[in-house]
Asks: 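Questions regarding the structure given below will be posed in turn.
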Amino acid sequence: MADSVRIRRVAEQIRGELSQILREEVQDPRIRLVTITRVKLAPDMGAATVFYCPLGEDPDESRATELKHAMGAAAGFCRRTLAKRVKLRHTPTIRFILDDSISQGSETLELIRSLEIDPDEPQSADSNENADEEPGESGVER
C-alpha cells in the first residue's frame, strides 16, 4: 500500500516536471502546446509511460505520426533533464504515448448530443403504465 502511494506521488512529480521541461526547454517546433495528461510508472520505477495530448487540436493521422516522432526524439533530453531535477536513485526510461481519451470523450459527447433527448419531455407511455400498477397487479401469476 505504501509503495503504491509513493509510486503515485513520484509519477505526479514526474508529470509536473516533464510538463515544465516540454513547455520551457524543448526547442522542437513540432511540439507546440502539448500537455502531459498522466504518467504511469512501473512498480519498480524503472519505466514511465507518459501520455500526452496536443492542446486545441484533434490530430489527424499525419500530425499524430509527426508528434510521435518529435516526442520520441525529445525523450532522451527529457530523461536527462528530469534526472537533474528529480532526486531518484534511477531515472526511469520514458516512453511517450498519444492520449486519445480526450478526443474519444468529445466524440461520445457529440453522439449523446445528437440523440436530441429533451430532459423536460415526459417519459414514454410504456414506462408510465407499469408505474401506476400496484405491486402484484402486473398480471403475472406467481
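Because the structure is predicted, anything quoted here is derived from the model rather than measured. The chain is numbered in sequence order, starting from 1.
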Asks: For residues D99 and Y52, determine if any side-chain heavy atom of one lies less than 4.5 Å from a side-chain heavy atom of the other.
Replies: no
Asks: Which atoms form the tightest heavy-atom contact between L82 and I21, and what is the distance?
Replies: N-CD1, 3.9 Å
Asks: How many angstroms lie between atom NZ of K40 and atom CZ of R8, to the nearest 0.5 angstrom?
Replies: 14.0 Å
Asks: Is it the case that the side chain of T37 and the backbone of F51 share a donor-acceptor pair, with hydrogens and angles ignored and the cut-off at 3.5 Å?
Replies: yes
Asks: Going by heavy atoms in the side chains, are L18 and I94 under 4.5 Å from each other?
Replies: yes
Asks: As an exercise, state the distance from OG of S62 to CD of E66, rounded to the nearest 0.5 Å.
Replies: 7.0 Å
Asks: Applying the 4.5 Å side-chain criterion to the ILVMFWY set and letting contacts propagate, would I36 and L88 be lumped into a single cluster?
Replies: yes
Asks: Does a side-chain heavy-atom distance below 4.5 Å link P54 with L67?
Replies: yes
Asks: State the CZ-CG distance between R63 and L98, to the nearest 0.5 angstrom.
Replies: 10.0 Å
Asks: For E110 and R113, run salt bridge (charged side-chain N to carboxylate O under 4.0 Å, His left out): C-alpha distance rounded to whole Å, both residues' side-chain angles, the deciding distance at 0.1 Å, then the answer.
Replies: CA-CA 5 Å; E110 287 302 316; R113 287 181 179 154; 3.6 Å; yes
Asks: Is the CD atom of E24 crowded by more than 12 outside heavy atoms at less than 6.0 Å?
Replies: yes
Asks: Considering non-hydrogen atoms only, spot the tightest contact between R30 and A73 and give its length.
Replies: NH2-CB, 4.4 Å
Asks: Of all residues at least two apart in sequence or in a different chain, which pass the side-chain contact (heavy atoms from CB on, under 4.5 Å) check with R95?
Replies: T49, I97
Asks: Under 4.5 Å between any side-chain heavy atoms of R6 and M45, yes or no?
Replies: yes
Asks: Please give me the minimum heavy-atom distance between M71 and F96, naming the atom from each residue.
Replies: O-CD1, 3.3 Å
Asks: Are V10 and P92 packed together at the side-chain level, in the sense that at least one heavy-atom pair is separated by less than 4.5 angstrom?
Replies: no
Asks: When rounded to the nearest 0.5 angstrom, what distance separates CZ in R38 from CD1 in I14?
Replies: 14.5 Å
Asks: Quick one: pull up OG1 in T35 and CZ in R15 and give me the separation to the nearest 0.5 Å.
Replies: 7.0 Å
Asks: T81 vs E25, test: side chain to side chain contact (heavy atoms under 4.5 Å, CB included). Steps then yes/no.
Replies: CA-CA 9 Å; T81 308; E25 297 185 33; 3.5 Å; yes
Asks: Looking only at heavy atoms, which two atoms of A74 and V26 are closest? And how far apart?
Replies: CB-CG1, 4.3 Å
Asks: Hey, what do you get for CD1 (I31) to CG (L22), rounding to the nearest 0.5 Å?
Replies: 6.0 Å
